[in-house]
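Since the structure comes first, as structure tokens, the remarks are kept for the end.
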Amino acid sequence: MDHLERTIRQRISRRAILRVVTLGGIAALATACAPAAPTAPTAAPKTETKPVESKPAETKPAAQPTSAPAAAKPTTAPAAATKSAGEIKIALAAEPNTFDPHLTVGRNTQIFVANVFDGLTARDEKANVIPALATEWKPLDRTGWQFKLRQGVKFHNGDEFNAESVKFTVERAINPETKSTISSEVGTIAGVDIIDPYTVNINTKQPDIMLPNRLGELYGGMLSPKHTGATDAASLATKPNGTGPYRLTDWVKNERLVLEANPDYWRGPAPVAKITVRPILEDAARIAALQAGEVDFVGNVPYERIEELKGNTNLAVKTVSTPRVFFIAIDPRQKPFDDVRVRQALNYAVDAEAIVKTLYLGYAKRLATVVSQAGTGYDASVQPYPYDVAKAKALLAEAGYPNGFSTELDAFTGSIADHSKAAEAIAEFLRKAGVDVKLNMFEFGAFGPRRVANQVSPLHIYSLGDAYFEPAWAIKWMMQQNLGLHYRNQEIYDLCTKAEGTFDVEERKKIYADVQRKLKDDAGFIFLFQNEAVFAMNNKVQYEPRPDETQWLYAMKQA
């Protein structure tokens with residue numbers, strides 16, 4: 001074990017992955033001989049953001065309504081802050097693919113969009129939904145929501161934000177000609193009615209408890225009708241015009257991205273005048289840039305570097321529990337994955353607990369399905385598939401594959417979280433069960449377009465951050481039958497639709513308990529874990545990471 005840890009700290013190599021597989025087999029044997037563990041409590045733990053010195057806390061979803069939600073309280077913009085000053089340089093593992101809010105791919109893009117555009121709603125540091133461009137909202141007879149809009153807000157080019165902006169933005173998002181990548185976010189919307197210049201009714205095809213969430217900063221960035229109509233697609237992607245706290249002033253692909261504070265921002269100017277972002281894909285290079293003082297803040301800190309960075313008195317390391325769930329997507333349109341026995345066999349074949357302990361060093365939690373422990377209605381009584389190679393082989397034989405089969409698994413580097421090392425270990429576990437796996441590794445900039453074009457292999461690793469803490473959203477997104485995700489169990493999908501229209505949270509939890517049992521049994525994915533996000537910064541930076549994975553730069557300050 002000591003040798004394994006030293007190897008991991010240097011670099012995760014094929015030899016190290018093989019050792020993870022070996023360790024997993026030993027751990028599984030020990031587990032099989034041990035008495036059953038007590039059932040975990042069903043209540044989700046509390047969300048907390050804190051220094052990494054203490055054990056990472058678990059996340060808890062924001063408070064949910066127990067009946068039809070009351071109207072959100074009107075708010076006014078806070079008093080203007082002190083004039084923006086100074087510069088902070090940050091390094092992230094990737095850069096955005098576009099600044100068009102309706103064509104984003106992945107959270108790495110969305111966190112940039114969220115700092116240039118505003119949605120109708122936002123989230124605070126505790127992940128509670130709060131007013132943004134809408135000051136208040138209320139449900140309308142279960143088939144829509146009314147939003148009162150903030151007055152006096154300007155886009156970066158001076159255009160006025162009003163009801164026409166909301167109608168234009170939403171209708172563009174739901175228009176099939178847009179080919180929106182956020183279509184799953186707006187699929188319940190039927191249309192928008194303007195009541196007056198600062199009031200809109202957004203009508204839905206069915207009851208949708210999550211509409212205010214959907215129109216938040218990740219997916220609900222508002223556009224100027226005048227500017228968008230007069231701008232070509234290339235300019236919309238690279239020269240955004242939002243209402244957000246920062247304006248994009250320079251973008252040299254693969255080199256730098258410069259954000260400058262919007263002096264007329266409705267919340268008041270951001271504390272930091274200029275934020276320069278460097279996309280540094282390699283973990284080691286990103287950490288080296290922080291240690292050398294070339295950047296002030298980095299994301300995606302490798303777990304094996306945490307102790308080293310904690311020893312540097314000039315740096316602070318912070319971690320936050322996230323609702324990001326890792327999984328292997330399975331394409332059931334292709335044999336042998338149309339057979340539930342094969343899908344179950346894949347779950348028995350992968351020792352996800354060994355991956356959590358050895359590659360993630362405990363900064364992750366094993367899951368039974370794709371519902372995070374922070375999700376509404378998370379049911380701890382639904383237990384993960386145990387690691388059982390013999391069971392996996394028996395199921396494969398029963399399904400007609402006594403000698404296994406061959407397939408391909410796609411993975412990638414350069415994302416908001418590391419997927420490559422886990423994929424390497426998973427490929428080895430599957431090989432041990434008799435599945436001949438060819439592992440294809442891409443940089444995320446190349447993998448993303450493959451997903452959009454539905455050109456991924458029958459198996460691919462991915463993760464989803466449930467920023468709403470609502471399982472219905474995450475599960476329906478994963479069953480969208482697009483973006484390389486082709487599994488759908490219609491019974492489960494319909495239950496999620498029912499949950500989306502159930503305002504009573506206790507009734508919704510009952511639906512989700514049924515959903516989780518059915519998810520596990522049908523094994524539409526290889527279920528893995530949720531992870532912790534780790535950040536490091538020098539003493540120049542004051543910043544607390546948010547549990548929804550949005551790097552809200554407006555909250556970043558200089559010490």
Would a distance-only check, ignoring hydrogens and angles, find a side-chain to backbone donor-acceptor pair under 3.5 Å from His227 to Pro240? no
Arg451 charged N/C atom sitting above Phe444 aromatic ring, 6.0 Å / 45°: no
Tell me whether Tyr554 contacts the main-chain N or O of Arg267 through its side chain, where contact means a donor paired with an acceptor under 3.5 Å. yes
Please list all pairs passing the salt bridge (Lys or Arg N to Asp or Glu O under 4.0 Å) test where one or both residues lie in residues 220-239, with sequence neighbours left out. none
Does Asp141, at its CG atom, have more than 12 non-hydrogen atoms belonging to other residues, nucleotides or ligands within less than 6.0 Å? no
Examine the side chains of Gln516 and Asp379 and answer whether a donor and an acceptor come within less than 3.5 Å of each other. no
Would you say Arg142's side chain and Gly501's backbone share a donor-acceptor pair under 3.5 angstrom? yes
Trp145 side chain to Asp208 backbone, donor-acceptor under 3.5 Å: yes
Thr104 backbone acceptor or donor facing Thr181 side chain under 3.5 Å: yes
Any luck finding a side-chain donor-acceptor pair between Thr109 and Asn97 under 3.5 Å? yes
Keeping the roles fixed (side chain from Arg450, backbone from Val456), state whether a donor-acceptor pair exists under 3.5 Å. no
Report yes or no: is the cationic atom of Lys148 (NZ for Lys, CZ for Arg) under 6.0 Å from the centre of the six-membered ring of Tyr198, at an angle within 45° of the ring normal? no
Establish, from distance only, whether the side-chain atoms of Lys205 and Thr188 form a donor-acceptor pair under 3.5 Å. no
Under 3.5 Å donor-acceptor, Gln480 side chain and Trp477 backbone: yes
Would you please classify the geometry between the Tyr543 ring and the Phe535 ring as parallel, tilted or perpendicular, with 30° and 60° separating the classes? perpendicular
Determine the interplanar angle of the Tyr468 and Tyr219 rings, folded into 0 to 90°, and report it as parallel if under 30°, tilted if 30 to 60°, perpendicular if over 60°. perpendicular
Should the heavy atoms of other residues, nucleotides or ligands under 6.0 Å from CD of Glu282 be counted, would the total exceed 12? no
Using the six-membered ring of Tyr493, assess whether NZ or CZ of Arg488 lies under 6.0 Å from its centre and within 45 degrees of the ring axis. yes
Could you tell me whether the side chain of Ser165 and the main chain of Ser224 form a donor-acceptor pair under 3.5 Å? no
For atom NZ of Lys89, decide whether the heavy atoms of other residues, nucleotides or ligands shown that lie under 6.0 angstrom number more than 12. no
Verify the ring-centre separation between Trp251 and Phe99: is it less than 6.0 angstrom? yes
Which pairs count as salt bridge (Lys or Arg N to Asp or Glu O under 4.0 Å) when at least one residue sits in residues 195-204, sequence neighbours excluded? none
So does Gly484 get a backbone contact from the side chain of Asn454, meaning a donor-acceptor N/O pair under 3.5 Å? yes
May I ask you to decide whether Lys540 forms a salt bridge with Asp296, counting only side-chain N to carboxylate O separations under 4.0 Å? yes
Parallel, tilted or perpendicular for Tyr487 and Phe525, by the 30°/60° rule? perpendicular
Got a sec, which pairs hit salt bridge (Lys or Arg N to Asp or Glu O under 4.0 Å) with one end in residues 157-170, sequence neighbours left out? Lys167-Glu171
Can you tell whether the side chains of Arg508 and Glu500 come within less than 4.0 Å, N to carboxylate O? no
Does Ile202 form a side chain to side chain contact (heavy atoms under 4.5 Å, CB included) with Phe147? I'd like the steps, not just the answer. CA-CA 8 Å; Ile202 299 182; Phe147 293 85; 3.8 Å; yes
Using a strict threshold of under 4.0 Å (side-chain N to carboxylate O), is an ion pair present between Glu95 and Arg278? no
